[in-house]
Amino acid sequence: MSTQSNKPKARLPRGLVDRHGAELTATRAMLDKIRAVYELYGFDALETPAIEYTDALGKFLPDQDRPNEGVFSFQDDDEQWLSLRYDLTAPLARHVAEHFDALPKPFRSYRAGFVFRNEKPGPGRFRQFMQFDADTVGAPSVSADAEICMMAADTLEAVGIARGDYVIKVNNRKVLDGVLEAIGLGGDENAGRRLTVLRAIDKLDKLGVLGVTQLLGEGRLDDSGDFTKGARLDAPQILTIRKTMLRGTPKPMNEDPVTISETSWLDQLERDFADNETASAGVRELRQIAQLCRAAGYGEDRILIDPSVVRGLEYYTGPVYEAELTFEVKDEHGRPVRFGSVAGGGRYDGLVARFRGEAVPATGFSIGVSRLLHALAHLGKMDAEPEIGPVVVLVMDKQPERIADYMKMVSDLRANGIRAEMYLGGGGMKAQMKYADKRNAPAVIIQGSNEKDAGEVQVKDLVEGAKIAAGIADNAEYRAARPAQFAVKEAELVEAIRGVLERRAAPSLGLAD
RNA sequence: GCAGGUGUAGCUCAGUUGGUUAGAGCGCCGGUCUGUGGAACCGGAGGUCGGUGGUUCGAGCCCACCCACCUGUACCA
């Protein structure tokens with residue numbers, strides 16, 4: 001029988017993608033812009049590996065039932081569990097804890113890299129994706145948090161998002177915790193319900209006030225008919241949450257919430273929860289952050305105190321921030337596209353302490369590189385121009401001495417900084433032309449025996465040629481026309497190609513053509 | 001994980017009440033053409049019809065289970 005059944009299938013696991021061409025170029029350009037801002041702010045580069053000991057990453061210790069829940073894990077040959085990192089913060093905490101004595105404090109660093117999550121992929125969600133983080137470790141004051149927010153705003157503008165098309169929303173976990181305490185959800189016995197409440201609030205921009213209210217109460221039936229159990233709060237509790245956390249949201253999807261100013265909201269919160277120490281401390285911190293940002297010239301259009309921001313539920317201990325894009329984009333069906341948050345972060349005072357016992361305050365944030373790039377593409381800010389391919393020297397004659405001639409041409413072009421290659425495949429001339437077309441070559445060089453005898457080469461400008469060809473309807477005529485093709489002396493080859501490339505680089509000055 | 005939907009060529013899809021050797025367009029490769037991308041004409045490759053089992057003389061079509069993908073939802077450090 002055939003070997004067909006044991007041939008491997010050429011395929012990629014779900015949630016993973018190959019990237020190439022314009023997308024890679026655009027990614028590189030964007031990373032450069034982000035890096036420039038981070039360095040301007042005084043952060044230094046740090047690289048950590050993609051693999052860590054599982055216990056260093058945190059809570060996801062593999063168990064027998066589900067060794068890979070959420071994280072990709074495997075055992076080393078000494079039986080120790082290793083995992084692919086699922087964010088860049090936990091590895092940073094490990095690095096700081098490991099080299100604590102040698103590092104300057106505060107320690108300010110940035111890093112970009114792929115992270116891995118073993119979960120269900122969706123549109124714009126992958127199992128491998130890139131993050132670009134910056135963190136300040138060892139700085140307890142809210143100045144560090146305010147600085148991160150300002151840098152986040154600067155970064156988004158640097159990559160091409162206009163002021164007004166984004167907002168950095170800031171909240172404080174102490175406020176959230178304090179309010180929950182005040183409505184009787186404090187203490188260990190209510191940990192589960194607190195989590196449910198926070199998750200519900202986090203869904204505000206997705207489900208709207210109505211949906212969140214349902215999740216705070218009995219629960220919610222989604223479009224597919226599936227029921228999500230709610231937090232089962234009573235009416236007064238729900239009212240309190242709606243009055244505080246759901247209020248003042250900058251983009252109400254529903255008419256319900258009354259948008260009030262940042263300061264009014266802070267005043268109200270301070271008044272209503274004056275006797276709750278946790279909430280009051282949170283409000284004080286938020287006021288300071290707002291004050292610092294305003295003093296530096298960042299208005300509410302850029303950095304906004306917003307009570308509905310929750311962020312991750314695991315390790316944030318103080319201020320939390322989230323960068324949201326506010327412009328509207330329609331998809332091909334005319335429906336609005338949501339980008340959601342493209343970056344986020346917060347204060348995590350307990351993360352390094354896991355390794356050291358003593359508290360090490362830290363704050364930082366993380367940009368979702370692929371998501372941000374996706375958003376930029378919708379904004380038309382991504383250079384989607386295909387790369388200009390190499391000049392292709394066609395092989396008209398396969399005699400070894402002629403091959404040497406062709407390679408010499410390529411070599412001369414390269415020596416002059418022109419991207420070039422000789423056709424290395426086995427095809428005939430037509431195949432070679434198709435190849436050049438597919439590679440987006442600006443020009444091909446043709447030298448058969450006739451040209452060789454005359455000491456000449458044919459240069460064909462493929463871009464011009466395509467333009468001219470568009471006006472030729474008849475096939476025979478098209479072939480005879482040899483559009484945008486001309487002969488030059490062998491010695492003038494480099495100069496001729498340079499001319500073609502220049503014409504290509506400045507098409508808007510095409511009056512002379 | 002839960003709910004719903006969809007699986008026929010690389011892509012988009014046809015395929016009669018179950019009936020010989022499963023089709024089209026586009027794409028791909030080659031030829032017409034010792035000389036030219038697109039177009040034209042001619043030819044070619046490419047399918048265990050998602051998988052397994054069942055019903056039947058006979059299954060792409062009917063039944064059961066499984067798998068994959070899509071959408072929503074849950075989780076998301």
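Lettering follows sequence order; numbering is per chain, from 1.
- Using a 4.0 Å heavy-atom distance criterion, A:Gly465 is classed as a base contact.
- If you find the closest nucleotide of RNA chain B to A:Leu215 and to A:Lys438, the one lying nearer the 5' end belongs to A:Lys438.
- Under a 3.5 Å cut-off, the side chain of A:Arg220 and the backbone N or O of A:Leu215 do not form any donor-acceptor pair.
- In the set B:G37, B:C76, B:G35, the nucleotide with an atom closest to the side chain of A:Arg482 is B:G35.
- Contact annotation: A:Tyr86 side-chain N/O to B:C76 OP1/OP2 distance is not under 4.0 Å.
- Taking the side chain of A:Asp87 as heavy atoms from C-beta on, and the options B:G37, B:A77, B:C76, the nearest nucleotide is B:A77.
- The separation between A:Met433 atom CE and B:U36 atom P is 10 Å, rounded to whole Å.
- Ring geometry for A:Phe116 against A:Phe72 counts as perpendicular: the plane angle is over 60°, on a 0 to 90° scale with 30° as the lower cut.
- Here the side chain of A:Lys203 is nearest to one of B:U34, B:A77, B:C75, namely B:C75.
- When distances run from any side-chain atom of A:Lys206 to the nucleotides B:A77, B:G30, B:A74, the shortest one goes to B:A74.
- Nucleotide B:A9 is matched to nothing when pairs are restricted to Watson-Crick or G-U wobble geometry with both distances under 3.5 angstrom.
- Heavy atoms of A:Lys430 sit under 4.0 angstrom from at least one base atom.
- Comparing B:A59 with B:U55, their P atoms are spaced 11 Å from each other, to the whole Å.
- Closest to the side chain of A:Lys120, out of B:U36, B:A77, B:G1, is B:G1.
- With C1' as the reference atom, B:A40 and B:G72 are 49 Å apart, rounded to whole Å.
- Looking at the side chain of A:Arg199, the nearest of the listed nucleotides B:A77, B:G38, B:C75 is B:C75.
- Residue contacts shown for A:Asp202 are absent, as no nucleic acid heavy atom lies under 4.0 Å away.
- Within 4.0 Å (heavy atoms only), A:Gln485 reaches at least one base atom of the nucleic acid.
- Regarding A:Leu195, its CG atom lies at a distance of 12 Å from the C1' atom of B:C76, rounded to whole Å.
- To the nearest whole angstrom, the two P atoms, one in B:A68 and one in B:U32, are 48 Å apart.
- Taking atom P in both B:C13 and B:U17, the straight-line distance is 23 Å, to the nearest Å.
- Atom CZ in A:Arg311 sits roughly 11 Å away from atom C1' in B:C76 (whole-Å rounding).
- In the set B:G37, B:G35, B:U73, B:G37 carries the atom at the smallest distance from any side-chain atom of A:Asp437.
- Across all strands shown, B:C65 forms a Watson-Crick or G-U wobble pair with B:G51, both key distances being under 3.5 Å.
- Across all strands shown, B:A45 forms no Watson-Crick or G-U wobble pair with both key distances under 3.5 Å.
- Taking atom P on both nucleotides, B:G38 is separated from B:U71 by 35 Å, rounded to a whole Å.
- Nucleotides B:C26 and B:C69 have their P atoms positioned 31 Å apart, rounded to a whole Å.
- If you check B:G37, B:U73, B:G35 against the side chain of A:Glu451, the one that comes closest is B:G35.
- Here the C1' atom of nucleotide B:A40 and the CD atom of A:Glu477 are 14 Å apart, to the nearest Å.
- When the C1' atom is compared between B:U48 and B:G44, the two are found 22 Å apart, to the nearest whole Å.
- Remark: P of B:A77 and CG of A:Leu198 are 12 Å apart, rounded to the nearest angstrom.
- At a threshold of 4.0 Å, the pair A:Glu464-A:Arg503 does not count as salt-bridged, since none of the basic side-chain nitrogens sits closer than that to a carboxylate oxygen.
- Taking 4.0 Å as the cut-off between side-chain N and carboxylate O, A:Asp405 and A:Arg402 count as a salt-bridged pair.
- A:Thr155 and A:Tyr166 share no donor-acceptor pair across their side chains, judged by distance under 3.5 Å alone.
- Closest to the A:Ile446 side chain, of the nucleotides B:G35, B:G38, B:U73, is B:G35.
- Under 4.0 Å is where a charged nitrogen must lie from a carboxylate oxygen, and between A:Arg108 and A:Glu147 at least one such pair does.
- Residue ring and base: A:Tyr315 does not count as stacked with B:A77 (centre distance below 5.5 Å and interplanar angle below 30° not both satisfied).
- Mapping A:Gly448 and A:Ala470 onto RNA chain B by nearest heavy atom places A:Gly448 at the nucleotide closer to the 5' end.
- For B:U6 and B:G53, the P atoms lie 25 Å apart once the distance is rounded to whole Å.
- Using modelled atom types, one finds a donor on one side chain and an acceptor on the other under 3.5 Å when comparing A:Tyr321 with A:Asp145.
- For the 3.5 Å distance criterion, the side chains of A:Thr213 and A:Arg242 qualify, holding a donor opposite an acceptor.
- The CZ atom of A:Arg127 sits 17 Å away from the C1' atom of B:A77 (whole-angstrom rounding).
- Counting to the nearest Å, the C1' atom of B:C76 and the CZ atom of A:Arg85 are 18 Å from each other.
- Across all strands, A:Ser449 comes closer than 4.0 Å to base atoms (heavy-atom distances).
- Taking atom CD of residue A:Gln214 and atom P of nucleotide B:A74, one finds them 12 Å apart after rounding to whole Å.
- Look at B:U21: it lacks any Watson-Crick or wobble partner with both distances under 3.5 angstrom.
- With B:A77, B:G37, B:C69 as the choices, the nucleotide that has an atom nearest any side-chain atom of A:Arg14 turns out to be B:C69.
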